[in-house]
Amino acid sequence: MLYVKETRGDIFKVIGANVRYYRGLYNLNNPNKKISQAKLANMCNVSTGLIGSLETGKVQGISVPVLWNISQILGVSIDKFFEKKSS
């Protein structure tokens with residue numbers, strides 16, 4: 001049996017932190033033009049509140065297609081959202 005230490009809430013905190021991180025890196029060539037939550041939400045056809053809640057770990061469920069769209073817009077592999085960064 002596989003034991004997973006992280007709770008469901010912990011997983012969404014990791015995903016949210018990574019979405020926020022990669023959204024901040026969206027435009028490395030022009031750091032003054034980082035993509036906003038509102039623009040990302042518009043491009044994904046979801047609410048700005050959903051993106052904000054996702055980034056703060058308050059979302060307790062998000063669909064794979066939405067995560068896929070976010071990954072494609074930000075230009076990162078979807079698996080990067082699940083990588084736990086060491087503190």
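Across all their heavy atoms, E55 and R23 have their closest contact at OE2-NE, 2.6 Å. Between S71 and S77, the shortest heavy-atom distance links the atoms CB-C, 4.3 Å.
Taken to the nearest 0.5 Å, the NZ atom of K58 stands 10.5 Å off from the NZ atom of K13. Note that the CG atom of L54 and the CD1 atom of I15 stand 7.0 Å from one another [nearest 0.5 Å]. Separating the CG atom in L25 from the CZ atom in R20 is a distance of 12.5 Å, to the nearest 0.5 Å. Separating the SG atom in C44 from the CD1 atom in I70 is a distance of 4.5 Å, to the nearest 0.5 Å. Taken from CG in N18 to CD1 in I78, the straight-line distance is 12.0 Å, to the nearest 0.5 Å. One distance of note links CG of L74 with CG of N69; it measures 10.5 Å at 0.5 Å rounding.
Considering only heavy atoms from C-beta on, V14 stays 4.5 Å or farther from F82 through its side chain.
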Exercise. Take I73 and I35 through the test side-chain contact (heavy atoms from CB on, under 4.5 Å) and record every step on the way to the result.
Key: CA-CA 10 Å; I73 290 165; I35 189 170; 4.2 Å; yes
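In N45, the CG atom is not crowded: 12 or fewer heavy atoms of neighbouring residues, nucleotides or ligands sit closer than 6.0 Å.
A donor-acceptor contact shorter than 3.5 Å is absent between the side chain of S53 and the backbone of L50.
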